[in-house]
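Per chain, numbering begins at 1; letters A, B, ... match sequence-line order.
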Number of protein chains: 2
Amino acid sequence: MTARTSGSAPAGPGRRDTRQRRLLRDQLSRQEAFVSAQQMYDDLRASGDRVGLATVYRTLQAMTEAGELDVLRSDDGEVLYRQCGPQHHHHLVCRSCGVTVEVDGPAVEKWAAKAGEAHGFTEVTHVVELFGLCAACSRASR
Amino acid sequence: MTARTSGSAPAGPGRRDTRQRRLLRDQLSRQEAFVSAQQMYDDLRASGDRVGLATVYRTLQAMTEAGELDVLRSDDGEVLYRQCGPQHHHHLVCRSCGVTVEVDGPAVEKWAAKAGEAHGFTEVTHVVELFGLCAACSRASR
DNA sequence: CCTTGTAACGAGAATCGTTCTCAATAGTAG
DNA sequence: CTACTATTGAGAACGATTCTCGTTACAAGG
Ligand SMILES: [Zn+2]
Ligand SMILES: [Zn+2]
Ligand SMILES: [Zn+2]
Ligand SMILES: [Zn+2]
């Protein structure tokens with residue numbers, strides 16, 4: 001027996017501070033928009049950083065499970081990630097550039113819960129996302 | 001020149017009444033739940049009907065573009081289809097059996113439009129879906 | 001009915017995002 | 001510094017969806 005003698009340090013997956021994880025965390029904290037794993041991978045590559053695609057996928061998933069990222073699925077089926085604030089909110093996403101604004105909608109929450117009950121459903125969750133063209137992209141497309 | 005002499009009968013894609021399309025339309029009109037192309041394919045196969053997978057995908061897509069079907073993406077990324085009523089509505093979907101109830105939420109529509117404007121977004125659309133366990137599935141899982 | 005032009009089919013190959021495998025690498029506690 | 005093992009990454013494997021292209025079969029004319 002060599003490592004871990006007593007029940008103190010919580011060893012196990014997800015706790016090592018690696019170069020790859022630092023890179024991803026940094027890039028995410030700098031992002032305004034929702035981005036895909038592929039985009040993250042390409043961007044890191046472009047800036048000369050060496051990271052494996054599988055690692056990007058794994059890390060993004062792990063962070064999501066840990067509640068550090070919000071997920072969204074684009075129309076063409078790609079999974080997009082974003083580092084958001086901690087409170088419950090919804091997203092107003094630009095269809096063109098991905099820029100995202102966090103918005104809240106207390107009315108929606110209530111409506112959702114009520115609608116669920118009314119039909120005998122339990123454990124009701126809701127998916128509420130808004131898509132549009134941000135001010136900048138609206139202007140650009142005129 | 002043989003077919004189409006004058007500018008009357010709108011020839012072109014999407015208008016032939018084939019056995020496969022009838023089968024799909026029939027099965028969809030009998031479905032309470034959102035279903036995937038694969039499921040449709042399997043079900044048709046199971047009931048002895050001969051249909052190609054590509055045809056199922058193509059037809060479902062065409063019907064969707066024609067506004068005859070509503071689309072939804074499952075958590076694991078599959079596209080699900082359902083024949084719904086013509087008016088704008090949202091869905092309360094059972095996570096377990098897929099059974100769906102159409103619900104409306106005037107409050108949500110307003111909130112969405114307003115939130116969009118407030119941040120300078122244009123052409124705002126919304127995705128609002130509710131997921132839960134239907135009464136039957138809630139009972140079964142106790 | 002029979003003929004035609006072509007929309008629609010379908011089997012299988014090709015895409016594409018994502019996940020898995022497994023040998024090599026590198027945090028970390030001691 | 002060493003040992004233990006979490007993590008990585010190249011490439012194979014997957015699964016849903018799309019594409020290809022030779023064959024089939026609607027449906028308008030004749
Ligand atoms: Zn968010
Ligand atoms: Zn934009
Ligand atoms: Zn619907
Ligand atoms: Zn159910």
Donor/acceptor link under 3.5 angstrom from R58(B) side chain onto base of dG10(C): yes
d(CD, E65(B); P, dT18(D)) in whole Å: 10 Å
Nearest-Å distance for atom pair OH/C1', residues Y41(A) and dC16(C): 15 Å
5′-ward residue of the pair L53(A)/R22(B) relative to DNA chain D: L53(A)
Within-4.5 Å side-chain heavy-atom neighbours: T64(B) and V79(B): no
dT6(C) OP1/OP2 closer than 4.0 Å to side-chain N/O of R16(B): no
Below 4.0 Å: OP1/OP2 of dG9(D) and any side-chain N or O of T55(A): yes
Euclidean distance, atom CG of residue D17(A) to atom P of dA29(C) [Å, nearest integer]: 11 Å
Below 4.0 Å: OP1/OP2 of dT17(D) and any side-chain N or O of Q61(B): no
N/O (side chain, T18(A)) to phosphate O (OP1/OP2, dT8(D)) under 4.0 Å: yes
Nucleotide nearest V79(B) (side chain, heavy atoms from C-beta), chosen from dA8(C), dT17(D), dT18(C): dT17(D)
Proximity to the side chain of R21(A) - top-ranked nucleotide from dT7(D), dT17(D), dA11(C): dT7(D)
For atom CG of L44(B) and atom P of dG10(C), their distance in whole Å: 11 Å
R73(A) (side chain) donor-acceptor with D75(B) (main chain) under 3.5 angstrom: yes
S36(B) side-chain N/O to dA16(D) phosphate OP1/OP2 under 4.0 Å: no
Whole-Å gap separating P (dA16(D)) and CG (L72(B)): 17 Å
Nucleotide dA16(D), atom C1' - distance to CD of Q39(B) in whole Å: 13 Å
Gap between atoms CG and P, on D75(B) and dA16(D) respectively (whole Å): 15 Å
Test item: W111(B) side-chain N/O and P106(B) main-chain N/O as donor-acceptor pair under 3.5 Å: no
Between P of dA6(D) and CZ of R19(A), the distance in whole Å: 20 Å
Salt-bridge criterion met for R21(B) and D26(B) (N-O under 4.0 Å): no
Salt bridge flag under 4.0 Å for residues E102(A) and R82(A): yes
Residue met sooner reading DNA chain D from 5', once Q20(A) and Q20(B) are mapped to nucleotides: Q20(A)
Touch class at under 4.0 angstrom, heavy-atom based, for R50(A) against every strand present: sugar-phosphate
Phosphate contact (dT18(C) OP1 or OP2) by Y57(A) side-chain N/O below 4.0 Å: yes
